[in-house]
Amino acid sequence: LAEIGDRLSSGEPTALEDCYRTLGPLVTSYLGRFLPRADIEDVVQRVFYEVWRLRERYDPKQSLRGWVLGIARKRAIDQLRRRRDTVVSIDAVREIVGDDGREIADRFDWADEVRTALAQLPDAQQHVLALAYYDGYTQTEIADRLEIPLGTVKTRTSRGLQRLAALLEGGGKHL
Amino acid sequence: MNGHIFDDLPLLLTGDADRATVVEVAQHLRECDDCRDELISAVVAHAALASAAKYAPEVGAGVPRLAPRLAASDAANDYAANDPDHASSSGPLPDLSAVFAQVRSEANGAEIAVHRRRPPRILLVAASIVAALAIGGGVYLGQNSSSGPSARNVSLQAFDQGTSSAKARLVGDNQMKLDASSLPALGAGRYYEVWLTNGARTSMAPIGVLGSDGTAEFRVPATEMATYAAIEVSVQDTNGVGTYSGHSVLRGNYA
């Protein structure tokens, strides 16, 4: 991401495509929190076009992920304001417009950093951690589902957490 | 418990440890520096994963695993996630090839000829953002010029197929408020689009669409304003491919 951010700020058009390839799923998921499905494609287009147009304002020292999500949040707010003719949940509007909206963008930023770090783990470790944290399986259940000894699940979990912590603590903007 | 207990530490964090294990592990941790260090790292990773799964479970959708079994977190049980019209999980990404083509074109400094430019849909969208930004940000372009950036009026005359006139107010070098409420209402399937063009009308850029009341407010990059010399309004077909229709109704020079 840091490399993409550097290229983007220097005006390299292919950086936008790489940026979209890397952060497009995150932005789409984020917008899906607030916007109807029918609106998402247009807003995603706006977001990434604006990423390009505002690239000179991007400071490569800051998180590209956070910067892009900040743009996505603003564009989502615009979209909700324009949808006055349709029913929009008050909670959705309040959630994104208020302080909570910034918090949610930060949460997505952080969650994507975690996902990126998780993807760098060996598959076996990645798998047990994902089952435990994203799907809520206990270690015994993971052992049953994967048909591996409980001790193996424990070891993979322990090693995975150690490696993940090292990546998160040392990764910074490279994740 | 004599040896290290690295593999038991995650149980403390996930709530899967029974009472006996908790007590035993606690006693060991008070005496073992290595395991305490290990626990710190486990806490960091656990906190990160738990936060990610709780507040943004959609982001983890791409992580390979078995089919979800448990209910999603509270964060996922919100309006968007429960609404079938909302996309809270991963799916095919929107096609941004038109955006990328436009960006490459801009980066190459290519002038885009009238009638051959395509597809400006994203620019329409971008301009809509611009308009929304101006409105959403509470920008009022008709402000007193003595206390803000310089402002001036631009007259737009009937042009080509047009029969009425309009006016625009330019504030500073990047704000425009257009009042074309005198234009006749269009039937379904058509809309008015605002463009910047050069004097010879050999290149143009869309900046947005008029609202249903015939007015609009835009923020346009100063560089773009400086590139062109005139404002033009065209009638577009919503089913068109997004290129300039060739049917203009207003035009006015600002430079």
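Chain identifiers are assigned alphabetically (A, B, ...) following the order of the sequence lines, protein sequences preceding nucleic acid strands; residue numbering begins at 1 within each chain.
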- request: State whether the side chain of S158(A) and the backbone N or O of F6(B) hold a donor-acceptor pair below 3.5 Å, judged by distance alone.
  value: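 Yes; judged by distance alone, with no hydrogens or angles, the pair exists.
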message: For E38(B), is there any backbone N or O sitting under 3.5 Å from a side-chain donor or acceptor partner on Q162(A)?
response: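 Flag set: sc Q162(A) to bb E38(B) pair under 3.5 Å.
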task: Under 4.5 Å, counting heavy-atom pairs only, tell me which of V44(B), V43(B), V103(B) racks up the most with chain A.
output: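 Winner by heavy-atom pair count: V103(B).
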- prompt: Do you know which of A50(B), A47(B), P10(B) has the most heavy-atom pairs under 4.5 Å to chain A?
  reply: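 Sorted descending by pairs with chain A, the first entry is P10(B).
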- prompt: Are T138(A) and D16(B) linked by a side-chain donor-acceptor pair shorter than 3.5 Å?
  reply: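 No - no donor-acceptor pair under 3.5 Å links their side chains.
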field: Distance, nearest 0.5 Å, that separates CG of D8(B) from CD of Q139(A)
entry: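 CD of Q139(A) is found 8.5 Å from CG of D8(B).
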- prompt: Can you tell me how far the CG atom of L93(B) sits from the CZ atom of F48(A), to the nearest 0.5 Å?
  reply: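 Separation between the atoms: 8.5 Å.
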query: For V114(A), is it the side chain, the backbone, both, or neither that has a heavy atom closer than 4.5 Å to a heavy atom of chain B?
result: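 Just its side chain gets close to chain B.
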- prompt: Between Q45(A) and D95(B), what is the shortest heavy-atom contact and its length?
  reply: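 Smallest interatomic distance, heavy atoms only, reads NE2-O, 3.5 Å.
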message: Could you check whether atom CZ of R163(A) has more than 12 heavy atoms from other residues, nucleotides or ligands sitting under 6.0 Å from it?
response: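 Atom CZ in R163(A) is not crowded, with 12 or fewer foreign heavy atoms closer than 6.0 Å.
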Derivation of the side chain to side chain contact (heavy atoms under 4.5 Å, CB included) call for V99(B) and W52(A): CA-CA 10 Å; V99(B) 178; W52(A) 174 253; over 6 Å; no
query: Run the side chain to side chain contact (heavy atoms under 4.5 Å, CB included) check on E17(A) and L96(B) step by step: do they pass?
result: CA-CA 9 Å; E17(A) 297 173 37; L96(B) 264 62; over 6 Å; no
field: Heavy-atom side-chain proximity of S51(B) to R107(A) below 4.5 angstrom
entry: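 Result yes, sub-4.5 Å side-chain heavy-atom pair found.
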query: Does some side-chain heavy atom of S41(B) sit less than 4.5 Å from a side-chain heavy atom of L161(A)?
result: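 SC-SC contact between L161(A) and S41(B) ruled out.
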- request: Evaluate the side chain to side chain contact (heavy atoms under 4.5 Å, CB included) criterion for residues L49(B) and L164(A): first the C-alpha distance (whole Å), next the side-chain angles of each, then the deciding distance (0.1 Å), finally the verdict.
  value: CA-CA 9 Å; L49(B) 283 166; L164(A) 187 66; 3.5 Å; yes
message: Set out, in order, the CA-CA distance, both residues' side-chain angles and the distance that settles side chain to side chain contact (heavy atoms under 4.5 Å, CB included) for F100(B) and L16(A), then state yes or no.
response: CA-CA 7 Å; F100(B) 300 145; L16(A) 182 68; 3.9 Å; yes
- request: In plain terms, say whether E12(A) and R104(B) are close enough for a salt bridge, that is, a side-chain N and a carboxylate O under 4.0 Å apart.
  value: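 Judged by the 4.0 Å cut-off on N to carboxylate O distance, E12(A) and R104(B) do not form a salt bridge.
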- request: Sort out for me which of V153(A), L26(A), V44(A), T140(A) touches chain B most, counting heavy-atom pairs under 4.5 Å.
  value: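 When all of V153(A), L26(A), V44(A), T140(A) are compared, V44(A) has the most.
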